[in-house]
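Every chain is numbered from 1, with letters handed out A, B, ... down the list of sequences. In what follows, every heavy atom counts, from backbone to side chain, and hydrogens, waters and symmetry copies are set aside. Since the model is a prediction, treat every value here as computed from it, not as a measurement.
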Amino acid sequence: MKNATNAAREDIRPRVERFLAGVQKPSRYIGNEWNVTRKDWDQTKVKMALAFPDIYEVGMSHLGMRILYHRVNHHPEYLCERVFAPWTDMEQKLREEEIPLYSLESFQPLRNFDVVGFSLQYEMSFSNILNMLDLAGIPLYAAERGPEDPWVIAGGPCAYNPEPLAPFIDFFLLGESEEQLLAVLDLIAEQKRQPLPRREFLRRAAQVQGVYAPELYQVAYQADGRIEKIERADEEVPDRIEKAMIKDLDEVLFPTQPIMPYLEIIHDRMTLEVMRGCSRGCRFCQAGMVYRPVRERSPETLWRQMDALVCATGYQEVSLTSLSTGDYSCVQPVIRGILDKYKDERINVSLPSLRLDSFGVQLAQEVQKVRKSGMTFAPEAGSQRLRNVINKGVTEENLVEAATAAFKAGWSHLKLYFMIGLPTETREDLDGIAALVRKVVDIGVKSGRRNVAITVSTSSFVPKSHTPFQWEPQDSMASLEEKQKYLKERLRDRRVKYNYHDVQTSFLEAVLAKGDRRLAKVLLLAWQKGCRFDSWSEHFRYELWLQAFQEAGVDPHFYANRPLAGDDVLPWDHLSCGVDKEFLIGERDRAMQEVTTPDCRFGECSGCGVCGGLGVDIDLKG
Amino acid sequence: MRLRMAFGKKDDAKYIAHLDLTRVFERALRRAGIPMAYSEGFNPHPKISFGSALAVGVEGEREYVDLELKKEDDEDAAAVMSALQGQFPPGITLLEGRVMRPEVKPLMAVLNLAVYQVRLPLAAPLPEESLREAILSWLSRTQVNYLCFSKKGRQEKDIRPWVEKMTGSVQDGWVALDLEITIGNQGSVRPEEVAASLGAMENLPLTLGEMRIRRTGLYICHNGRRRTPLENSDGAQAGGSAAVEEGKEREA
């Protein structure tokens, strides 16, 4: 029985207030923002803490958090409160004063909740999950938790390969959680009324679409370290867990009264989600595979949501988000509708992730009255050959056309994103990056723009599960560093600024992204040694991770740098986003033959398997 | 229309940083549907200006803000305030407002005195008489150097000139200090610095870690006369829309 009462909250708040003014940005830790939902703790049947393993400003910017917060609170009998990773100064204070990690709404210790649900957005936040559980006084290992402890669950893109977290999480939620999470909370309400033994409960939960309880599956290893097989430990659970998803975006609840933070967050604006999924089919991109198929929201729904958002927030900017907003079939009418209606309110529209073509520039031009920021293009690779390999369906002509249009429209600062270390990459592809950049600089100069400035950023390719490149090894750190140096020399120009990612971070990301359950011990050791906020360069401690690998007797290169065979058992083989493995193998073969696969929205079905298998279909509104 | 308002910033709102407070006002105005006037230029922003920045964690009982609104009708002041009050997060309370003539100087340029109440627990018993003596001794110094750590590193500054007045009392193991501090663009001293200096210079058993600070008022002080930015120079209190016309006449 959870009998946390008002006493707990009255206890924590004054203790926190004694030092809160002395920590950085105290409004991260106080809650009470405009539009916050406050429910009566004692009158609700299931209490969930939605936990984001990064700071407030990052977590509050995440649309998925907002959606689930409002979805759960929309249910009259369920309560959802928020908690974020405390920054290191706050963590130190909480530990010194022995104050458990608490929720922002009611200052309840996390361990008083029935469910603590973590958002898994990137691998480099995993150490923060352990740290938050520890700060909450919740046993880290699921096996050490009892009926008094909350269910610790997790969902988000990293749930498609959550194996490094397997022993710490009771169950994962694969896919889109709006309906699935409520089904899970129904079961937890039932469990509170009539408790079943743990195993029994997990077996029931596993009947919900997309629910994956790692302890119901056993992994056996071969002598050489490869996985021999992954088997269910129970006849009643499915062999493969299929993701959950929303069929019709016009029918699902969307938060039109989002919480208004006091401090500036990363994406501090209204958000309209115009569609889910992207079928461009870039072969390195996990999001492009796991969010299939493309489902659009109708303009009418978006306009209605916009009206509500404007009234409820007081924001002056709206972002039309999706994986590729330029591909949304109604993008122009939706933008015009918004700009016309809110002319007097001076509302701006921002369009992240525009496609690299003149249509993208045209859209950007429509929404941007003041050319304040740079225009971003992502050719991803420097040669047509390599762009064909990764199925990035853009050509040099596209880039030339887009850059010409952008300079002509008044932009003088362009940002170009590339990846290095992609499969089959050679020197020529790197030279291609330098040549492309020079070409863009020339276009800028010829256009007559003064102050032409090109920012070139390279990230290092990280192979991800559920993509055609999941079998590919990551390039070695030495090679990636050498390539960065090579490019740096070739991009020496006062108009060009070159940024690149830290290779050690990319390496660890690859290890965790392709990792299996044996990494859990490494994760625990790294956290014990002090690792947290690994995605923050000022806190990333690679040497501690190396010590952890060594102590655990785990070779990180086994995961990041070893090519996998088509018949290798993958750590995530029992987890499905609906895309067939045969399709991924076919795509990898086409990549090696440098053959592209067209977008199924505009051409024939590429046979990825999503539409038939999950009972969902592409849903276009334009 | 230029609307000057007094407001309280208390409870949880005391954790809103000064820069964030502008956004809180801006969004509340937009939600209330009150049209704002914007600055000219490349990146127009609404004209919202506060009298004096309040440190994070310090409660303000009576702070001041000037809003430039795109409204002609001066009679609207009361309506604007009640619409706006409904859009504030807890802790921000509008107290009084008045339409100002455009040529009235900005708050920042005229406010020169801040009154604070500082409460801090005693680490050991202290008779009130000893506290009074300590304060008198501190005030009698012509110079009080205080070591502070800023972005520039260690810096010693003389804080005595900024302290206009200090009194104190002892109750239930807590010391209460009433401070009057000169503020403005010449610099100033923070109330916690004065309390820390008092404790150190006069050997008082003050616990600095749990200090609670409230700013009770901000004033315009001239030739020994003190008024709030909502009062006219002759000291008459003007409030609400009824007083608007009268105020205009006098200032003219």
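Heavy atoms of other residues, nucleotides or ligands lying less than 6.0 angstrom from CD of B:Gln171 number 12 at most. Heavy atoms from other residues, nucleotides or ligands lying under 6.0 Å from CD of A:Glu538 number more than 12. Around the CD atom of A:Gln257, the shell of radius 6.0 Å holds no more than 12 heavy atoms that belong to other residues, nucleotides or ligands. Crowding of A:Arg449 atom CZ: a count of heavy atoms from other residues, nucleotides or ligands under 6.0 Å exceeding 12. Atom CD of A:Glu96 has more than 12 heavy atoms from other residues, nucleotides or ligands within 6.0 Å. Within a 6.0 Å radius of NE2 in B:His18, more than 12 heavy atoms belonging to other residues, nucleotides or ligands are found. Surrounding NZ of B:Lys165 are at most 12 heavy atoms belonging to other residues, nucleotides or ligands under 6.0 Å away.
At distances below 3.5 Å, at least one donor-acceptor pair connects side-chain atoms of B:Arg31 with backbone N or O atoms of A:Thr313.
Electrostatic pairing of A:Glu345 and B:Arg30 does not count as a salt bridge here, judged by no charged N lying under 4.0 Å from a carboxylate O.
Heavy-atom minimum distance, A:Asn32 versus B:Pro90: OD1-CG, 3.4 Å. Of all non-hydrogen atoms in A:Trp34 and B:Phe88, the two that sit nearest each other are CZ3-O, 3.3 Å. Across A:Asp268 and B:Arg27, no two heavy atoms sit closer than the pair OD2-NH2, 3.1 Å. Shortest non-hydrogen contact noted between B:Gly57 and A:Ala21 is CA-CB, 3.8 Å.
With a 4.5 angstrom heavy-atom cutoff, B:Val24 touches chain A only via side-chain atoms. Heavy atoms of A:Tyr315 lying under 4.5 Å from chain B belong to its backbone as well as its side chain.
Here the side chains of B:Pro44 and A:Arg346 are in contact, with some heavy-atom distance below 4.5 Å.
When B:Arg212, B:Glu210, B:Lys14 are each tested for a side-chain contact (heavy atoms from CB on, under 4.5 Å) with A:Glu17, only one passes: B:Lys14.
Residue with the most contacts toward chain B among A:Gln316, A:Glu33, A:Arg18, A:Met260: A:Gln316 (heavy-atom pairs, distance under 4.5 Å).
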I would like to know whether A:Lys25 and B:Asp20 meet salt bridge (Lys or Arg N to Asp or Glu O under 4.0 Å); could you show each step before the answer?
CA-CA 10 Å; A:Lys25 304 191 180 181; B:Asp20 299 335; over 6 Å; no

